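Presented below is the structure to which this report refers.
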Amino acid sequence: MDYNFREIEQKWQQWWRDNQVYKVDIDPSRPKFYVLDMFPYPSGAGLHVGHPLGYIGSDIYARYKRLHGFNVLHPMGYDAYGLPAEQYAIQTGQHPEVTTVKNITRYREQLDKIGFCYDWSREVRTCDPQYYKWTQWAFLQMYKSYYNTAIEKACPIEELIAHFEQYGTDGCNAYSGSSATFTADEWNAMSKVEKENTLMDYRIAYRGKTMVNWCPQLGTVLANDEVSEGVSVRGGYPVEQKVMNQWCLRVSAYAPRLLRDLDTIEWTESIKETQRNWIGYSEGAEMNFEVAGTGKNLLIFTTRADTIFGVTFMVLAPESEYVDEVVTAEQRQAVDNYLDEVKHKTERERMIEKKVSGVFTGSYAINPVTGKEIPIYVSDYVLAGYGTGAIMAVPAHYSRDYAFARHFDLPIIPLVEGADVTEESFDAKEGIMMNSSNDLLQLNGLTVKEAIEKTKRFIAETGLGRVKVNYRLRDAIFSRQRYWGEPFPIYYDQDGQPQPLDESELPLLLPEVDAFLPTETGEPPLARAKNWVASNGRPLELCTMPGFAGSSAYYLRYMDPHNDQALVSHEADGYWRQVDLYVGGTEHATGHLIYSRFWNKFLYDYGYVCESEPFRKLVNQGMIQGRSNFVYRIKDTNKFVSYNLKDQYEVTPIHVDVNIVSNDALDIDKFREWRPEYKNAEFILENGKYICGWAIEKMSKSMFNVVNPDSIVEWYGADTLRLYEMFLGPLEASKPWDTNGIDGVHNFIKKFWNLIFKGDRLALTDRPATPDELKSLHKLIKKVTGDIENFSFNTSVAAFMICRNELQALKCDAREVYEQFIVLLAPFAPHLCEELWHALGHSGTVCDAQWPEWNEDYLKESTTKYTVMIKGRPRYDIFVPAGTEAAEVEKAALTHEGAAKWLEGATPKKVIVVPNKLVNIVL
RNA sequence: GCGCCUGUGGCGAAAUUGGUAGACGCGCUAGACUUAGGAUCUAGUAACUCCGGUUGUGUAGGUUCGAGUCCUAUCAGGCGCACCA
């Protein structure tokens, strides 16, 4: 019987389905383990061979854990809302749901062929109303909450209202986007609309005027992580800055916890570092600068309070509220012109120009320490969204200020001894302070670090300002002017104020529209929906939620996917708790992985979930790049020359479909069929073959280097694909796909099969295993167990091959050895092992076998080999009984006949015995 | 500019605490066998060599009896953040 993978794989996939082998339920008698893949967006292109890399890794781990007796939750679903389906809908009029469902079907077919152990009864789709009901529900909870900074958690907005009624903002610990203060009387005197507007500064989900990334081509706003280098990540269209009224999530309130809790989770250092960067902690001080002659104050933020003596001007962000307050009548026109100019520049243009620009407001501020008057400027190098949108400029020690000062010819005062500021600023936080003492504050002679601390204390004590921590993390913009997303459970009342729908009205279904474009008046596509009104007749919100809305809590829904009373029941959440292993790409580091943590923490604050972090351990699989092949056409002919002969001709390299190339040798017949223009192609061969050139490029259709998992499964089978993807290298590493080499693992499977079967019958006996066989097996158990724990799957595959080679050399036919080998291999090659497991007479699935334990006794050597090194080189080996003392080993090494030969009479200066390894004799 | 990661044969890559560098696989070379296959099996495969050896983990130093591994500097490549005060 030959290894017929097509038959075997089909048979067991069917059997697993029929017997619901991968269905899991809560089972308090067993420990749980939750293994999750980042669910895919089902794109029209289908899966290529790079996508399943992480899925295979997590599948192996899930199966491994199950073999250890864990109740393993390993679900899969689809992130179904997204721009490509909608763009396609706009072009073709095809409803996005139709394309999405079609793509999902295709994904499912491809995934099923690889033999994953997903519990498909728990599948979720973000566009399913039963799913997005809970996305809408969570949004409502956020709308009804504010963030209490004293106890660091979200609380009901009613508590805040009660506080305002009694005390106003006095003693209020609520996180707010506004610095406005009011008394209880003022609050109580506010109109309903005024109160609503004020509360919007506190709600965790809020609607507010914010600077947004507006993408005109996509007709929607984008989140910061959806924009890279001034263009949209999807599509690459230019993005401009614009103030708009948008729904937002107050992610910034959670910045301290998002930063702090990174220390409690097992993620790679690089991803944590990326998140730390994105959250952007900086400790500094806020300080008030009085505007001369007005009595008004400018609040600024600085991390370099120590440089207060070097402040020679102030700068406001163009969007700062202060601009209007300080601009003088004479400068009004100039400032307005500048603001106008800035507004029309896109972020990209600003970045490309990198030129110093700004305008004087006409006003002066008073340096609170030196008492000197300094001019106030407006410039776009100061950002409205960070700190207070106003800075004190210290040109000598900050490069942006320096460039500005040079351009406008403003004074530059050096504050650090020995710092040369004639050419550039001295930005380093080191050195000894100078020019920095007067009656109020003395910093001269201190180091910069001491000066920073002293100034901060000074500011706090004198009431000039306060110590302040700032975060770079911005609130997430949560509305999209798009059709294919979750509708907001929000309507607008008579006053035009947003109001929440009652929870009983969820899910609010996405309505049908006749076209997916914005309306003629520029309103979002939902404005086309007939009767888009709430049950009270009021108009509903026209925006939909962004892509990350549905993916922020999907891991919770898998725990309890069919519950229509709650996102997840306490019972299910209490059992499955959090994702123990999350596998996915690094591209979500600043998007999904931040939003999910935020979302989870919000739910945690209300006790809806019991863990404050969603993903305990995160493993990032690398990207698989394409390996393109080239043929070389001789110029102006239809003649192609093989790779190593091409230098003799003038040739043009042409991409050729990698699927008609094998081990870089071109299948000439298939090439002639590939395209009509090559039908009569001629070839100059080497050694009877046409050898193609190659290059590593992105996997894409246009390079003809896309390899589908289906075609590999067709040729070699799913088990070979699984083993080979793991064998390719470390899971985390990015690497090119190279089908050359797959024969190696395929041969391993075939050879392993042939050890167990001779012809049609089992070639195994019930004799006990020999010590050598047991040693080989137990070495394998130990190695594979350790490797899987460390996600080092490539070395486990190598270990299987080594063990198989050894068993063959030992002519091993002991059934007990193979029985355990099969269990070890089962996570990697489940179809093969299921077949063998049954062939060996078992009835249940190999998934429920017991993972073998290794026995150190079998691994012990009766004798230990020591390599004797003389003059730094290995000279001869000695064999001593295992456990021999170092002194005895040394004696054995020196009395060995080799010693006489190599020492040539010299006396050793030193002898070093490394236990179980070597003896180093130094002359 | 700041931060993080990676540099090992023709190729993908191994190498617990520093302990015979290159496991395993591909490719290549030679041979065997044959029901001529998408085979299988055996041996070899870092480089140089006067066949004694010598040199080899990006480069240059250092620590050590001993360094791919630790330290310092430097080069190259990748990733993240970036008018963030």
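Note that these values count all heavy atoms, side chains included, but never hydrogens, waters or copies made by symmetry. Reminder, nothing fancy here: chain letters follow the sequence lines and each chain counts from 1. Every value quoted in this text rests on a predicted model; they were computed, and no experiment measured them.
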Rounded to whole angstrom units, what separation is found between the CD atom of A/Gln625 and the C1' atom of B/G77?
13 Å
Polar atom pairs (N or O), protein with nucleotides 25-31 of chain B, under 3.5 Å:
from	atom 1	to	atom 2	distance (Å)
B/G25	OP1	A/Asn805	ND2	3.3
B/G27	OP1	A/Asn663	ND2	3.3

Is it the case that over 12 heavy atoms from other parts of the model lie below 6.0 angstrom from the CD atom of A/Glu7?
no
With A/Phe404, which residues qualify under ring-ring contact (aromatic ring centres under 6.0 Å, His included), at least two apart?
A/Phe313, A/Tyr377, A/Tyr381, A/Phe408
Taking the P atom of each, how far is B/G68 from B/A15, in whole Å?
16 Å
Using a 4.0 Å heavy-atom cut-off across all strands, classify A/Arg276 as base, sugar-phosphate, or nothing.
nothing
Give me each pair satisfying salt bridge (charged side-chain N to carboxylate O under 4.0 Å, His left out) with a member in residues 778-796 of chain A, each pair once, sequence neighbours excluded.
A/Lys779-A/Glu806, A/Lys782-A/Glu856, A/Lys783-A/Asp787
How long is the line joining CG of A/Leu780 and P of B/C24, in whole Å?
14 Å
Spacing of A/Trp753 atom CH2 relative to B/U40 atom C1', expressed in whole Å
17 Å
Using distance only, find each side-chain donor-acceptor pair of residues 729-736 of chain A under 3.5 Å and give its atom names and separation, not counting sequence neighbours.
from	atom 1	to	atom 2	distance (Å)
A/Ser734	OG	A/Met623	N	3.1
A/Lys735	NZ	A/Pro730	O	2.6
A/Lys735	NZ	A/Ala733	O	3.3

Only counting residues at least two apart or in another chain, list the ones meeting salt bridge (charged side-chain N to carboxylate O under 4.0 Å, His left out) with A/Glu890.
none
Value in whole Å for how far the C1' atom of B/C81 lies from CD1 of A/Ile594:
12 Å
Please report the distance separating the P of B/G56 from the corresponding atom of B/C48, rounded so that it comes out in whole Å.
16 Å
Rounded to whole angstroms, how far apart are CD1 on A/Ile271 and P on B/C79?
14 Å
Walk me through whether A/Thr720 and A/His746 qualify under side-chain hydrogen bond (donor to acceptor under 3.5 Å, both in side chains).
CA-CA 5 Å; A/Thr720 298; A/His746 191 62; 2.9 Å; yes
Roughly how far apart, to the nearest Å, are B/C26 and B/A46 at atom P?
16 Å
In whole angstrom, give the distance that lies between atom OH of A/Tyr381 and atom C1' of B/C83.
9 Å
Kindly indicate whether the side chain of A/Val315, heavy atoms from C-beta on, has any atom under 4.5 Å from the side chain of A/Arg400.
no
Output yes when at least one side-chain N/O atom of A/Arg400 is less than 4.0 Å from OP1 or OP2 of B/A82, else no.
no
Would A/Ser282 and A/Tyr386 count as a side-chain hydrogen bond (donor to acceptor under 3.5 Å, both in side chains) here? Give the steps.
CA-CA 11 Å; A/Ser282 77; A/Tyr386 185 77; 2.7 Å; yes
Would you kindly give the NZ-to-C1' distance between A/Lys779 and B/A15, to the nearest whole Å?
15 Å
Where are the stems of RNA chain B, defined as at least 3 consecutive Watson-Crick or wobble G-U pairs with both distances under 3.5 Å?
B:1-7 with B:75-81, B:10-12 with B:24-26, B:27-32 with B:40-45, B:46-48 with B:53-55, B:58-62 with B:70-74
